[in-house]
Amino acid sequence: MPIPGGIAERARAAATGGSQYLNDLNPEQREAVEALDGAVLVLAGAGTGKTRVLTTRIAHILSLGRARPSEILAVTFTNKAAREMKERVGHMVGQIVEGMPWLGTFHAIGVKILRRHAEMVGLKPDFTILDVDDQIRLIKQILDAEGIDEKRWPARVLAMLIDGWKNRGLTPTQVPAGEGASFANGKGRKLYAAFQERLKTLNAADFGDLLLENIRLFREQPEVLAQYQQRFKFILVDEYQDTNVAQYLWLRLLGQSQGGVQKNICCVGDDDQSIYGWRGAEVDNILRFDHDFPGAKVVRLERNYRSTGHILACASQLIAHNQGRLGKTLRTEDVLGEKVQVTSAWDSEEEARSIGDEIEEAQRGGHKLEQIAILVRASFQMREFEDRFVTLGLPYRVIGGPRFYERAEIRDALAYLRVIHSPTDDLAFERIVNVPKRGLGDASLQCLHDHARKKRVSLTEAARAVVETDELKPKARGALRDLNASFVRWRKLNETLPHNELAEVVLDESGYTDMWQKDRSADAAGRLENLKELVRSMQDFENLAGFLEHISLVMDTDKGEGVDSVSIMTLHAAKGLEFDTVFLTGWEEGLFPHQRALDDQGRAGLEEERRLAHVGITRARKHARIYFATNRRIHGMWTTTVPSRFLDELPEAHVEVKEAQGAFGGAGYGGSRFDETGAFGSSYTTPGWQRAQRNKQDIASRGGGFGENSAPRYVPDGVLDDPGVDEAGAAFAEGSGGQAGQKPDSLARHSAKRGGGRRSPVTIEGELVGKSTGVSSFAVGDRVFHQKFGNGNVAAVDGNKLTIAFDHAGEKRVVDSFVERA
DNA sequence: CGGAGCGGGATTTTT
DNA sequence: TCCCGCTCCG
């Protein structure tokens with residue numbers, strides 16, 4: 001019975017007068033909320049109000065008094081999702097729901113249960129949870145103990161195997177004999193067992209164990225399982241398409257029917273948004289739902305409240321190419337809106353430049369940067385955009401990883417430089433006074449602060465004075481004296497040494513680089529890399545003052561959450577988010593779909609990539625802009641790329657083909673069906689295009705892929721010949737003939753540029769060869785500045801092409817429009 | 001302990 | 001191609 005004045009009570013009160021919250025739902029949503037009994041699968045397409053259904057359902061259960069808050073099990077994947085759900089339920093019910101102890105992530109709830117019964121699985125209630133690093137280190141020890149050559153059989157490989165087994169709910173004895181054989185001559189299983197034993201000795205569990213041990217507990221202790229089965233009157237699962245086998249087994253145990261009556265379990269998800277297969281998620285779980293839970297009710301949410309018509313049409317048509325799906329048809333009552341724009345760029349640099357321009361234009365038109373996102377397939381693509389935006393002074397934010405200048409190590413390094421440059425910068429001084437550790441802790445800092453306040457001087461000044469007194473302990477006093485001396489020395493060096501070299505000296509002499517080199521944590525290497533990158537980027541500036549000013553300007557503009565800024569993130573990180581304008585970048589074979597997904601997973605991999613594309617497109621409310629570059633640096637080598645097959649899968653009637661408006665002409669759709677509309681098919685004579693054509697043919701005849709002969713190769717025949725693709729192609733040709741308006745217009749613009757006789761120039765690292773000639777306004781000896789190479793002197797002039805001796809980058813040939821007078 | 005020399009790898013990421 | 005991580009050696 002509900003506690004008087006408790007959440008359930010309040011919820012019921014809030015719902016009086018005909019359940020207003022139900023009236024706000026559309027019929028399908030309402031059906032999903034009201035179907036409380038038995039097993040229910042809610043197939044919620046992108047933007048159809050999934051979270052709303054989930055939260056309303058909880059409120060509904062509470063308001064009907066069907067269960068107390070503590071009798072509802074609601075699981076999510078991320079803490080963020082759990083937090084949001086808590087908030088939203090609390091909002092609906094009138095207050096924050098402290099009373100829902102079983103709303104949380106799979107892992108959080110798993111730990112909670114496990115701690116209560118730790119002894120039953122050989123642990124103590126206070127067991128520690130190992131992170132990936134500890135896990136690897138432990139496995140290394142085990143390999144060592146077993147005398148296994150870690151070179152042939154790397155610890156990380158075994159860690160992945162074990163993770164995989166745990167994801168599939170397999171204990172060492174359950175691992176199929178054949179699978180254990182794949183590591184260290186059949187020792188895989190034995191090593192897994194040894195690892196588990198070692199964990200128990202250490203009273204520790206890794207992430208996989210949190211669920212695996214739960215399953216073991218439930219299986220071996222039926223009375224414990226029964227206790228939880230009785231407790232949880234309702235089970236709700238978010239993002240069901242992302243569950244792995246272990247999570248599925250766990251849910252099955254808790255939600256299995258009792259006495260012939262199916263327990264109340266409601267899973268919400270979208271098979272079309274399953275993008276975590278590589279980390280153990282089983283799309284099959286959602287595809288098989290009505291098989292696992294016989295008599296399950298399936299509710300489809302297909303009414304999309306997010307995107308305009310053209311965007312939704314593209315997303316739907318694209319995902320329709322997948323075979324393994326339950327099938328939903330998203331629809332909207334919104335206007336058709338803007339077509340999805342597909343733009344080609346010469347290379348990734350032009351892609352970034354072009355998108356930067358588009359964003360600036362949108363911004364001039366009053367578009368909020370907050371409502372713009374750039375989505376990439378892989379994080380290495382981000383650098384180019386960050387670089388460009390820093391140059392433009394365009395505020396941006398990297399989601400799912402700190403931005404370059406915000407990373408701790410960069411800020412520390414900058415703090416050193418700031419103190420050198422302006423000794424009164426107390427914040428900077430405070431930041432690094434004990435980084436790396438030099439025995440100047442809180443007490444010393446307090447002393448400095450007191451001194452500074454009393455004498456009204458800077459901390460640097462105070463430090464100078466304090467070492468002359470005996471206020472500090474000898475050890476701290478010595479350390480501070482050393483630091484003071486270092487800063488004096490560095491300031492002197494700053495007068496003679498180039499500032500980037502100074503930075504190297506400072507980072508070394510301060511012991512800062514050392515600190516990270518000695519650091520064993522996983523990201524230490526990345527941090528050192530970032531520091532190197534920082535030093536390199538300093539070359540682009542005249543002196544320390546100029547550099548610091550630039551940085552502080554950049555930092556100022558993106559400081560704080562409140563600043564209007566563009567979001568840059570991976571497609572994975574974008575799931576669940578939405579923006580007015582979305583730029584989808586790098587739609588090239590090999591990058592997207594990613595070659596590795598194809599190689600490792602074949603058709604399943606391709607379908608997951610396609611779902612990723614679907615997730616990407618459906619993030620956009622009003623404007624979806626797809627980009628691909630014709631050339632991209634892959635593994636350090638410039639490679640001519642082929643446009644993504646996903647482009648050919650978009651419905652032509654909903655797409656507008658454009659061309660990057662950078663300094664180079666776009667290279668067009670080399671080898672894509674988009675060329676075969678006849679509008680400019682024969683005008684492609686550039687070497688790049690022909691190379692692309694050859695590549696595409698090669699790929700088709702070879703059976704796909706970039707590599708030469710890596711063994712398990714994905715054969716795309718089934719895909720290229722897929723009837724769906726042909727339909728798309730046909731629809732495209734038809735559409736382009738019948739659409740006299742927008743399409744030919746954009747094509748005309750495209751071909752006009754082509755026909756203008758300009759050939760696509762070849763770019764290498766900002767060098768440009770073969771652009772139309774003209775007379776340069778620069779003369780030999782001029783001092784110039786280049787965005788990428790920094791300052792230099794003009795050594796020779798040839799038309800508009802300059803040979804410049806850069807101060808740091810050596811001699812380069814560059815087109816004059818790329819430099820400005822220094 | 002640190003630097004040179006080498007081989008292998010090079011997506012996506014939450015807990 | 002480039003960068004990491006490991007090994008080997010002084």
Side-chain angles (χ1 to χ4, degrees), chain A residues 75-83 104-112 114 129-136 140 149-152 154-157 160 163 166-167 205-212 214 238-239 242-244 246-247 250 273-281 375-383 399-401 508 513-514 516-518 520 522-530 532-533 536 569-576 586 588 590-601 605 608-609 611-613 615-616 632-639 706-707 710 764-765:
Chain A
V75 278
T76 63
F77 274 85
T78 63
N79 289 313
K80 189 175 161 229
R83 217 181 309 124
T105 63
F106 276 100
H107 294 271
I109 290 169
V111 176
K112 194 166 180 169
L114 208 55
I129 299 164
L130 298 188
D131 63 25
V132 184
D133 235 42
D134 302 322
Q135 202 188 350
I136 301 268
K140 266 186 189 154
D149 180 11
E150 221 233 284
K151 223 172 179 177
R152 273 194 72 190
R156 27 180 328 112
V157 171
M160 270 174 48
D163 266 352
K166 288 183 175 178
N167 282 158
D206 65 13
F207 281 112
D209 284 338
L210 300 182
L211 276 164
L212 186 68
N214 246 272
D238 191 17
E239 306 279 16
D242 288 338
T243 50
N244 61 33
Q247 286 154 342
W250 186 80
Q273 290 187 68
S274 162
I275 55 174
Y276 285 109
W278 49 274
R279 133 186 136 179
L375 308 187
V376 298
R377 176 63 182 82
S379 41
F380 76 82
Q381 293 171 259
M382 291 181 182
R383 173 65 59 79
I399 310 289
D508 285 342
T513 315
D514 247 49
W516 286 116
Q517 266 159 0
K518 288 194 184 108
R520 299 280 160 135
D523 53 5
R527 291 172 192 275
L528 286 166
E529 167 61 26
N530 291 336
K532 259 194 237 164
E533 179 66 29
R536 215 181 316 155
M569 68 190 94
T570 63
L571 285 160
H572 284 89
K575 199 173 93 167
E588 298 133 36
L591 179 60
F592 190 42
H594 200 282
Q595 191 55 46
R596 187 125 176 213
L598 266 37
D599 286 344
D600 296 354
Q601 307 285 333
E608 182 153 315
E609 295 287 296
R611 290 193 290 268
L612 207 44
V615 166
R632 191 176 291 275
R633 214 175 165 154
I634 299 167
H635 306 328
M637 251 173 40
W638 281 101
T639 316
F706 274 58
S710 48
I764 299 152
E765 282 284 346

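In this text, all values refer to a predicted model and were calculated from it rather than measured experimentally. Note on naming: letters A, B, ... go to the chains in the order of the sequence lines (proteins, then strands), and numbering restarts at 1 for each one.
As rounded to the nearest Å, C/dG5 and B/dT12 have C1' atoms that lie 23 Å from one another. Comparing the same atom, P, in C/dC2 and in B/dT13 gives a spacing of 25 Å after rounding to whole Å.
If you look at A/His594 and A/Trp278, their ring centroids are not closer than 6.0 Å.
A/Leu591 places its CG atom 15 Å from the P atom of B/dA10, with the value rounded to the nearest Å. Rounded to an integer number of Å, the gap from A/Phe380 CZ to C/dC2 C1' is 13 Å. To the nearest angstrom, P of B/dT11 lies 20 Å from CE of A/Met569. We find that CG of A/Asp206 is positioned 11 Å from C1' of B/dT15, with the value rounded to whole Å. Counting to the nearest Å, the C1' atom of B/dT14 and the CD1 atom of A/Ile399 are 16 Å from each other. Rounding to whole angstrom units, CG of residue A/Asp242 and C1' of B/dT12 are separated by 12 Å. The separation between A/Ile634 atom CD1 and B/dG9 atom C1' is 15 Å, rounded to whole Å. Atom CD1 in A/Ile275 sits roughly 11 Å away from atom P in B/dT14 (whole-Å rounding).
Between A/His572 and A/Tyr276, the angle of the ring planes lies from 30° to 60°, which puts this pair in the tilted group.
Using a 5.5 Å limit on the distance between ring centres and a 30° limit on the angle between planes, the aromatic ring of A/Phe106 does not count as stacked on the six-membered base ring of B/dT15. Judged by centroid separation below 5.5 Å and plane tilt below 30°, A/His572 does not stack onto the base of B/dT12.
Of the candidate nucleotides B/dT15, B/dT13, B/dA10, B/dA10 has the atom nearest to the side chain of A/Arg596. For A/Ala378, taking side-chain heavy atoms from C-beta onward, the closest of the listed nucleotides B/dT13, B/dT15, B/dT11 is B/dT11. Residue A/Thr105 has its side chain nearest to B/dT15 when only B/dT11, B/dT15, B/dT13 are considered. Distances were taken from every side-chain heavy atom of A/Arg633 (C-beta onward) to each of B/dT12, B/dT11, C/dC2; the shortest belongs to C/dC2. The A/Arg279 side chain lies nearest to B/dT14 when the options are B/dA10, B/dT12, B/dT14.
You'll find the side chain of A/Leu591 reaches within 4.5 Å of the side chain of A/Phe380, heavy atoms only.
Between A/Ser379 and the phosphate of B/dT11, there is no side-chain N or O to OP1/OP2 separation shorter than 4.0 Å. Contact check, A/Arg377 against B/dT12: no side-chain N or O comes under 4.0 Å of OP1 or OP2.
Under the 3.5 Å distance criterion, the side-chain polar atoms of A/Asn244 are matched with a main-chain donor or acceptor of A/Gln247. Judged purely by atom type and a 3.5 angstrom limit, A/Glu608 has no side-chain atom pairing as donor or acceptor with the backbone of A/Gly605.
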